2 protein chains.
Amino acid sequence: MSEQDLAAISQLRSSTMRLSRRLKHQRVEESLSPTEMGVLGTLARCGKATPGELARKEHVQPPSMTRIVAMLEEKGLVRREPHPEDRRQVVVSSTEQAETILAESRRRRNVWLAELAQGLDEEEWAVLREAAPVLYKLAHL
Amino acid sequence: MSEQDLAAISQLRSSTMRLSRRLKHQRVEESLSPTEMGVLGTLARCGKATPGELARKEHVQPPSMTRIVAMLEEKGLVRREPHPEDRRQVVVSSTEQAETILAESRRRRNVWLAELAQGLDEEEWAVLREAAPVLYKLAHL
DNA sequence: TATTGTTATACTCTATAACTATA
DNA sequence: TATAGTTATAGAGTATAACAATA
C-alpha cells in the first residue's frame with residue numbers, strides 16, 4: 001500500500017468518525033437510545049428476528065436485549081410472537097409506528113447533511129456524488 | 001437539490017454511520033471510554049483546555065468532565081495546572097503517554113480500514129482516494 | 001451577583017450470574 | 001445435556017442539584 005493510499009485511509013477514518021459523531025446529535029426521537037434505534041433499523045432491514053439474533057447484531061448481551069425489546073414493545077414499536085416451530089424462541093417484528101420514526105430520523109439527518117454539503121463547491125460535490133456508492137459498498141463489505 | 005443528490009446524501013449518511021460503528025469496535029485501549037478517548041483527541045488537537053471547554057466540546061455536563069479528567073489524571077494521561085490569570089479555572093493538557101495511546105489507536109483503525117478496502121477493485125479505490133480529502137473537508141465544515 | 005469547578009446523589013444502560021422452559 | 005429467553009443484581013457512565021472559591 002502506497003504512502004498516498006495510507007493518507008487516504010487515514011482521512012477516511014477520521015472523517016467518518018467525526019461526521020458520525022455530528023450526525024448522531026441530529027436525533028429525532030430523544031426517548032430512544034442509539035441501541036434501541038439500532039434494533040428498529042435491523043428489524044426494518046431483516047423483517048423479523050429473535051432476541052438472540054438482535055443481541056448478536058447490536059453487540060449487546062441477551063439480557064440487555066430482553067430489556068430493550070420489552071421497552072420497545074411497551075412503546076408500541078415492536079411486536080413479540082411465539083416462534084412457529086421452537087417454543088423456546090420469540091419472533092420480534094417492528095410496527096408501522098417504528099417505520100415512521102425511522103423514516104423521520106433518516107430524513108432529518110439527510111437534511112442536516114445536505115445543508116452541510118452546501119459548503120462544498122460544485123466540483124467537490126461531484127467527487128462525493130461519485131464516491132457515495134463506493135463508500136456504501138465499503139461500509140457493507 | 002436533485003434526486004441524484006438526495007440519493008448520494010442518503011448513501012453518505014448510512015455509510016458513515018455504519019462504518020463508524022464498525023471502526024469503534026477496533027478499540028485499542030479497552031480501559032478508556034469513547035468520551036475519555038475524545039478528550040485525549042481534543043487535547044492533542046488544541047494543546048490545552050479548561051474542564052468547561054472540554055465539557056462543551058465533548059457534549060457532556062461539567063460534573064461529568066470533572067470525573068473524566070480526574071480519571072485520566074490518575075492514569076497519567078493528562079496534567080492539571082492552575083490557570084495563570086483566573087484562579088477559578090484549571091488548565092488540562094495531555095501527556096506523552098496519551099499521545100502514544102492515540103497514535104496506536106489511529107494506527108489500528110487504519111489497518112482495519114485498509115484491510116476492508118482490499119475488497120474494492122482498483123477503479124473503486126481510485127474514486128475513494130480522490131474523495132477522501134473532500135470528505136475530510138465536509139466533516140470539518 | 002455571575003462564573004468555574006467540584007461534591008453528593010440519582011438515573012440510564014449494559015453486564016454477569018442464576019433460573020425456567022423447551023429441545 | 002444444550003439452548004433461548006428471562007429475572008435478579010451489580011457496575012459503568014452520565015445527569016441534576018447543591019456547594020465552594022473566585023471574578
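Chain naming here is simple, since letters A, B, ... match the order of the sequence lines and numbering starts at 1 in each. Please read all numbers here as calculations on a predicted model, not as lab measurements.
- The backbone N or O of Leu12(A) sits less than 3.5 Å from a side-chain atom of Thr16(A), completing a donor-acceptor pair.
- Sorted by first and then second residue, the side chain to side chain donor-acceptor pair (under 3.5 Å) pairs involving residues 77-88 of chain A (not counting sequence neighbours) are Asp86(A)-Arg88(A), Asp86(A)-Gln89(A).
- Using a distance-only test at 3.5 Å, with no hydrogens or angles considered, a donor-acceptor pair links the side chain of Lys75(B) to the main chain of Ser31(B).
- The shortest heavy-atom contact between Leu77(B) and Ile101(B) is CD2-CD1, 3.7 Å.
- Annotation: salt bridge (Lys or Arg N to Asp or Glu O under 4.0 Å) contacts of Glu130(A) (sequence neighbours excluded): none.
- Qualifying salt bridge (Lys or Arg N to Asp or Glu O under 4.0 Å) partners for Glu104(B), counting only residues two or more places apart in sequence or in other chains: Arg107(B).
- For DNA chain D, the neighbouring residues in residues 88-95 of chain B, judged by any heavy atom under 4.0 Å, are Arg88(B).
- Annotation: side chain to side chain contact (heavy atoms under 4.5 Å, CB included) contacts of Arg67(A) (sequence neighbours excluded): none.
- Atom CD in Glu53(A) sits roughly 13 Å away from atom C1' in dG5(D) (whole-Å rounding).
- Under the salt bridge (Lys or Arg N to Asp or Glu O under 4.0 Å) criterion, Lys24(A) pairs with no residue, sequence neighbours left out.
- Applying the ring pair (Phe, Tyr, Trp, His ring centres under 6.0 Å) test to residues at least two apart or on different chains, the pairs with a partner in residues 35-72 of chain B are His25(A)-His59(B).
- When all heavy atoms of Val78(A) and Val69(A) are compared, the pair lying nearest together is CG2-O, 3.8 Å.
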Name the pairs: protein N/O against N/O of nucleotides 12-15 of chain C, kept only if under 3.5 Å.
{"from": "dT14(C)", "atom 1": "OP1", "to": "Thr35(A)", "atom 2": "OG1", "distance (Å)": "2.6"}
{"from": "dA15(C)", "atom 1": "OP2", "to": "Gln61(A)", "atom 2": "N", "distance (Å)": "2.8"}
{"from": "dA15(C)", "atom 1": "OP2", "to": "Ser64(A)", "atom 2": "OG", "distance (Å)": "2.9"}
{"from": "dA15(C)", "atom 1": "N7", "to": "Ser64(A)", "atom 2": "OG", "distance (Å)": "3.4"}

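- Using a 4.0 Å cutoff on non-hydrogen atoms, the parts of residues 73-87 of chain B near DNA chain C are Arg80(B), ordered by number.
- With sequence neighbours left out, Arg56(B) forms a salt bridge (Lys or Arg N to Asp or Glu O under 4.0 Å) with no residue at all.
- Among residue pairs with one or both ends in residues 109-125 of chain B, those qualifying as side chain to side chain donor-acceptor pair (under 3.5 Å) are Asp5(A)-Trp125(B), Arg13(A)-Asn110(B), Lys137(A)-Glu124(B); sequence neighbours excluded.
- The CZ atom of Arg56(B) sits 11 Å away from the C1' atom of dT3(C) (whole-angstrom rounding).
- Rounded to 10 degrees, the angle separating the terminal helix axes of the helix from dT1(C)-dA23(D) to dA23(C)-dT1(D), each built from five base pairs, is 10°.
- Heavy atoms of other residues, nucleotides or ligands lying less than 6.0 angstrom from CE of Met71(B) number 12 at most.
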